[in-house]
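All values below come from the heavy atoms of this structure, side chains included, with hydrogens, waters and symmetry mates left out. No experiment lies behind these values; they were computed from the predicted model shown. All ligand and atom numbering here is 1-based and tracks the order in the structure. Note that the numbering runs from 1 along the sequence shown for the chain.
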Amino acid sequence: MKEIWEKVEAAHQIGICGHVRPDGDCVGTCMALYLYVKKNYPQKAVNVHLEYMPERFAYLFDGTGYQEGFENMPECDLFFSLDTGDLERLGAAAKIVEKADTCICIDHHISNTGFADINVVDPDSSSASQVLFELLDEKKIDKSIATALYLGIVQDSGCFQYDSTSRRTMEIAGILMEKGVNTSNIVDRTMKQKTYVQNQMLGRVLLESLLLLDGQVIASRITQGMMEFYGATKEDLEGIVEQLRVTQGTEVAIFLHEVGVLEYKVSMRSKEYVDVSKIASHFGGGGHVRAAGCTMSGTYHDILNTLLEWIDLQIKDRSK
Ligand SMILES: [Mn+2]
């Protein structure tokens, strides 16, 4: 921990990056470290580059001086790689790492390859933001730094819902809250808020959903025609399968998104006993036990019938 701040003291040009397709934890960790170094080491040249700033997080960081894109990133002697398990995930920023004297990695991915000179990786941590918090001097954290850390923690812990949430995660959240973070606003605007189009798509999917296998499965779909009608992009479909999943009494939720002629992207979620990753991998996809996906060909009803057979087998196996 001390070593990291000695490196910062000795550095002239400090660069901070996270992984490509940045999520809330990536943005939060990068921005927190950037604001912390700027505030507490004002004589140092530091910049943070994100591949891009996702729109729903941008309002939190107006005027802080972050840069979008890796192309015009200057060379630096000290490079921080945050929330990133391997060099490949740094995208175009990887070439800056090669030229830096020291690379420090702060991460929580169990798959982390240990590619940096100094690796601070805690796979039991809810988020990279939590790992970073443990390296900072609590007294030197102001409201803007706390806000960035809080964003990372709520986003990667599913708002304190996933198994990675520990007593310590909650304690840190409390400390950040006392720094003045507007916690309810962050959850509202970065997690719950939907655009009008997103709500329309969600409504349509719920209206047309089917309960199958005696109510143990709920399924629905979006066609290319519907996407065009609402002017929707695939980002507008985020969260739909989760809404299907919370339907009372169901074990599995299936959501099909038509991506070509007789071709669907399949998303599946389960609650307690069906292993959807087993089914998805059979069809060339993958994922986790409770959340998985694949691409399948056929009509909506043919694909559903095929998936139902697989699900039914698992349900029957269980009752044996
Ligand atoms: Mn993360």
Side-chain angles (χ1 to χ4, degrees), residues 4 15-36 48-58 60-61 66 68 70 79-91 93-94 97 103-116 118-136 141 145-173 175-176 181 183 186-187 189-192 235 238-239 242 286-293:
I4 293 175
I16 300 170
C17 275
H19 58 78
V20 292
R21 292 187 300 284
D23 56 14
D25 186 31
C26 174
V27 171
T29 313
C30 287
M31 292 308 297
L33 180 61
Y34 170 67
L35 295 168
Y36 186 88
V48 60
H49 284 247
L50 301 167
E51 190 188 27
Y52 53 84
M53 174 65 87
E55 208 192 307
R56 65 188 192 283
F57 309 139
L60 292 168
F61 305 110
Y66 64 83
E68 291 190 88
F70 295 142
F79 183 95
F80 279 96
S81 163
L82 306 180
D83 194 32
T84 306
D86 58 71
L87 267 178
E88 209 172 290
R89 289 269 289 155
L90 280 173
V97 180
C103 176
I104 300 175
C105 176
I106 298 169
D107 187 29
H108 68 129
H109 291 98
I110 195 160
S111 55
N112 191 292
T113 58
F115 63 90
I118 301 173
N119 296 285
V120 186
V121 181
D122 179 5
D124 294 324
S125 200
S126 71
S127 53
S129 290
Q130 181 173 340
V131 182
L132 175 62
F133 175 89
E134 304 289 16
L135 301 171
L136 305 181
I141 297 176
I145 299 161
T147 297
L149 291 169
Y150 195 84
L151 172 72
I153 292 172
V154 287
Q155 289 281 327
D156 248 28
S157 68
C159 212
F160 309 106
Q161 198 189 356
Y162 304 151
D163 289 346
S164 60
T165 306
S166 63
R167 171 189 174 142
R168 183 65 183 150
T169 313
M170 297 294 203
E171 282 166 358
I172 294 168
I175 294 166
L176 299 175
V181 176
T183 53
I186 291 177
V187 172
R189 281 194 62 172
T190 70
M191 302 191 82
K192 292 191 178 167
E235 281 77 45
E238 259 173 48
E242 278 75 26
H288 308 277
V289 181
R290 301 281 171 255

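A side-chain donor-acceptor contact under 3.5 Å links D25 and S129. Remark: the Q155 side chain and the T190 side chain contain an N/O donor-acceptor pair separated by less than 3.5 Å.
For H288 against A292, the heavy-atom pair with the smallest separation is O-CB, 3.8 Å.
By the criterion of a separation under 2.8 Å, the protein N/O/S atoms near the Mn ion (ligand 1) amount to D25 OD2, D83 OD1, H108 NE2, D156 OD2.
One distance of note links CD1 of I118 with OG of S81; it measures 13.0 Å at 0.5 Å rounding.
The side chain to side chain contact (heavy atoms under 4.5 Å, CB included) with Y150 is formed by just one residue from the set V154, I153, T147; it is V154.
Annotation: E171, atom CD; neighbour count of heavy atoms from other residues, nucleotides and ligands within 6.0 Å is above 12.
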